[in-house]
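Presented below is the structure to which this report refers.
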Amino acid sequence: MHLRPEDVYAALARSVPWRTWRYAAPEYRAAVTALAEAPAVKGPPAAPPPPRDPALAVPLAECGVRVEGGTVLNDLLADLGTRSR
């Protein structure tokens with residue numbers, strides 16, 4: 001079974017008090033700009049747009065590439081380091 005990220009997000013949002021970070025339109029654009037190469041987005045656009053940032057649908061459609069979590073791991077870890085202080 002393959003779950004779409006937006007399905008996972010919706011399921012977690014219903015039962016776990018958490019929020020995503022660094023996955024909104026500005027962060028996506030910055031990550032795409034920093035990547036030398038990125039795999040293409042597979043499948044049709046999500047409908048409706050991702051609930052975490054409806055504006056994310058625009059750069060996803062324009063750029064058409066996936067940003068894997070590992071490519072921004074240093075940014076995510078740096079955020080965690082600053083939050084624990």
Side-chain angles (χ1 to χ4, degrees):
M1 176 201 301
H2 176 72
L3 294 174
R4 299 176 312 153
E6 55 271 16
D7 296 333
V8 173
Y9 177 86
L12 286 172
R14 286 191 298 271
S15 58
V16 178
W18 68 287
R19 64 183 176 91
T20 60
W21 80 99
R22 286 199 177 261
Y23 198 66
E27 290 85 8
Y28 173 81
R29 285 189 187 279
V32 168
T33 300
L35 293 173
E37 291 184 24
V41 172
K42 293 181 181 177
R52 61 192 159 266
D53 181 10
L56 181 58
V58 174
L60 279 170
E62 290 173 357
C63 300
V65 297
R66 291 191 325 249
V67 175
E68 302 290 345
T71 62
V72 294
L73 184 58
N74 288 337
D75 295 327
L76 298 173
L77 292 174
D79 286 352
L80 290 174
T82 60
R83 289 177 188 211
S84 65
R85 293 184 190 144

inquiry  = Looking at every non-hydrogen atom in both residues, tell me the closest pair between Ala55 and Ala25 and how far apart they are.
reply    = O-CB, 3.9 Å

query = Just how far is it from atom OG1 of Thr71 to atom CD of Glu37, taken to the nearest 0.5 Å?
reply = 12.5 Å

ask   = Are Tyr28 and Val58 co-members of a hydrophobic cluster defined by side-chain heavy atoms under 4.5 Å apart?
value = no

task = Walk me through it: do Val65 and Leu35 pass the test side chain to side chain contact (heavy atoms under 4.5 Å, CB included)?
result = CA-CA 10 Å; Val65 297; Leu35 293 173; 5.5 Å; no

message = By the salt bridge (Lys or Arg N to Asp or Glu O under 4.0 Å) test, which pairs, at least two apart or in different chains, include something from residues 67-76?
response = Arg66-Glu68

